Number of protein chains: 4
Amino acid sequence: MNFSENQSIYLQITEFVKEQILLDKWKKEEKIPSVRDLASELQVNPNTVMHAYELLQQQGVIYNKRGLGNYVSDDAGEKIFSERKERFLKSELPATFRTMHLLGISIEELESRFKSFLYENHKK
Amino acid sequence: MNFSENQSIYLQITEFVKEQILLDKWKKEEKIPSVRDLASELQVNPNTVMHAYELLQQQGVIYNKRGLGNYVSDDAGEKIFSERKERFLKSELPATFRTMHLLGISIEELESRFKSFLYENHKK
Amino acid sequence: MNFSENQSIYLQITEFVKEQILLDKWKKEEKIPSVRDLASELQVNPNTVMHAYELLQQQGVIYNKRGLGNYVSDDAGEKIFSERKERFLKSELPATFRTMHLLGISIEELESRFKSFLYENHKK
Amino acid sequence: MNFSENQSIYLQITEFVKEQILLDKWKKEEKIPSVRDLASELQVNPNTVMHAYELLQQQGVIYNKRGLGNYVSDDAGEKIFSERKERFLKSELPATFRTMHLLGISIEELESRFKSFLYENHKK
DNA sequence: GTGGTCTAGACCACC
DNA sequence: GTGGTCTAGACCACA
């Protein structure tokens, strides 16, 4: 996995975990990778993954069974979905629209770009 | 001006300056506010504004006339515009599309939201 | 280390770092001294070293691994070498020739001086 | 005249004046341009030329006749020549040699570059 | 431990 | 008046 320079790694890891859940790759009430496993897979310091898991626990996305590992919460999917949708509609989208306006990009151009995005995505 | 918590102040100041230029409030070959003036206006330490101006100089957006102040470069507008467009198309837009896909938001919904955005914007 | 009066300290530090790399004392992909360490060694304020490192990062000579420190870029040596050669041939050398011309110093005299320079240098 | 970014303008003006004298364009005991004239010719602030002339007076290169203007000192040429030669041999040349050594530039290459410099210079 | 940001305050060269 | 440099000291996020 390639990490962006602009954001701290542990936050990018929380996003990664949430996405796995949203895409139903990690299912509810199932065990997620241990701190060490994920750390070695992502090639980061275990402390960093630990930090991410702690945050996810606070957010109620995962919970810990002592000695057994971390598990996806029952309502994790819904939680993530609504939180993400809220953020998207309230802050990301307006910012995008603002930039489009500033750069003079039309909705038609956006539409055609979205279609080729879907096409590219479909191929994979 | 209110600064966001998520980004360092000096970077927000560079964005602010670029915005002024893009909106043609500060025109090319004209003097921009002195370090001290902008600092007192934004209520930050002069060093912080200095840091921002230094970065803008390196990016070729402004240049310094010794003892006189900082001036908007001749090609500042184009530079900012193309840099911003590049960033939008290469990274912001794909991220937006990815999120739309993840959240199941259709292009039609986006379109209608954009129209109401334009309408809101127009009213002001 | 003794700093010259004519140039700002932070610029002299960037030169110092580049010199270490050019002389292969600090090798590529290796960690360079931390901001605090170099600052206490050179007896300057950490901010001053910070300023130098920031510039070197922008020039692509070093890069930062978050929380770990700064590392010499893979192509740092080549970058520094070509930048330095460019500057020498385009500006330092013509200036030297101009002065020689003005002072009536012949190329033969220069040659003999260079030889004794090499001899002196060799002895050390 | 084009001023370098690296050095203060008033110092570059003193160098300019000294060079005129060394090249015998401004001869001893003759009047040099007034502060205002030189300022408008070089397109700088009169204060800046004033500052340069003050320094030249301190160095004994020029002297002031009240109400008449500034004149080249009798021994200006010799003074400038010896000062410049001293600086060249003691500091500029060793630095040049050091850089040549570092960049692996041979004395033969230097020689050929000097010849083409002389040729270029001769044409003008 | 690492870099990074910010403030306060001083001093300087330059125009 | 202008920018620029430097110090001292604090605080934070990150690994």
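Note on naming: letters A, B, ... go to the chains in the order of the sequence lines (proteins, then strands), and numbering restarts at 1 for each one. Remember, it's a predicted structure, so these values are computed and weren't measured experimentally.
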> Looking only at side-chain N and O atoms, does B:Tyr63 offer a donor or acceptor that is under 3.5 Å from a partner on D:Glu5?
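Absent: no donor and acceptor within the cut-off.
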> Take atom CG of C:Leu11 and atom P of F:dG4, then tell me their distance rounded to the nearest Å.
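Answer to the nearest Å: 12 Å.
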> Expressed in angstrom and rounded to an integer, what is the separation of B:Asn45 atom CG from E:dG9 atom P?
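Checked: the CG to P distance equals 9 Å.
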> Measure the shortest side-chain to side-chain distance between A:Tyr53 and A:Asn64 over non-hydrogen atoms and say whether it is less than 4.5 angstrom.
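No, their side chains stay 4.5 Å or more apart.
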> Let me spell it out: for each of B:His51 and C:Leu68, pick the nucleotide of DNA chain E with the closest heavy atom. Which residue's pick is nearer the 5' end?
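It is C:Leu68 whose nearest nucleotide is closer to the 5' end.
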> Answer yes when A:Glu19 and A:Lys25 have at least one side-chain N-carboxylate O distance shorter than 4.0 Å, and no when they do not.
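A:Lys25 and A:Glu19: not salt-bridged.
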> Map every base of DNA chain F to its dot-bracket character, where paired means a Watson-Crick or G-U wobble contact with both distances under 3.5 Å and | marks a partner outside the strand.
||||||||||||||.
> So, does the side chain of C:Arg36 form a donor-acceptor pair with the base of E:dG3 at under 3.5 Å?
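Side chain to base: pair found, below 3.5 Å.
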> Under 3.5 Å, which donor-acceptor pairs do the side chains of residues 66-74 of chain C form with other protein atoms, sequence neighbours left out?
residue	atom	partner	partner atom	Å
C:Arg66	NH1	A:Gln7	O	2.6
C:Arg66	NH2	A:Ser4	O	3.3
C:Asn70	OD1	C:Gln57	NE2	3.0
C:Ser73	OG	C:Gly60	O	2.8
C:Ser73	OG	C:Val61	O	3.1

> Both C:Gln57 and B:Arg66 contact DNA chain E. Which one's nearest nucleotide lies toward the 5' end?
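Closer to the 5' end of DNA chain E: C:Gln57.
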> How is C:Asn70 classified with respect to the nucleic acid when contacts are heavy atoms under 4.0 Å: base, sugar-phosphate, or nothing?
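Answer is sugar-phosphate: C:Asn70 comes under 4.0 Å of backbone atoms only.
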> What integer distance in Å separates C:Gln7:CD from F:dG4:C1'?
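After rounding, the reported distance stands at 14 Å.
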> Does A:Glu92 come within less than 4.0 Å of A:Lys85, counting only side-chain N to carboxylate O?
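Looking at A:Glu92 and A:Lys85, the cut-off is not met.
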> Ignoring hydrogens and angles, state whether a donor on the side chain of C:Lys18 or C:Gln59 is under 3.5 Å from an acceptor on the partner side chain.
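On atom types as modelled, these side chains qualify, holding a pair under 3.5 Å.
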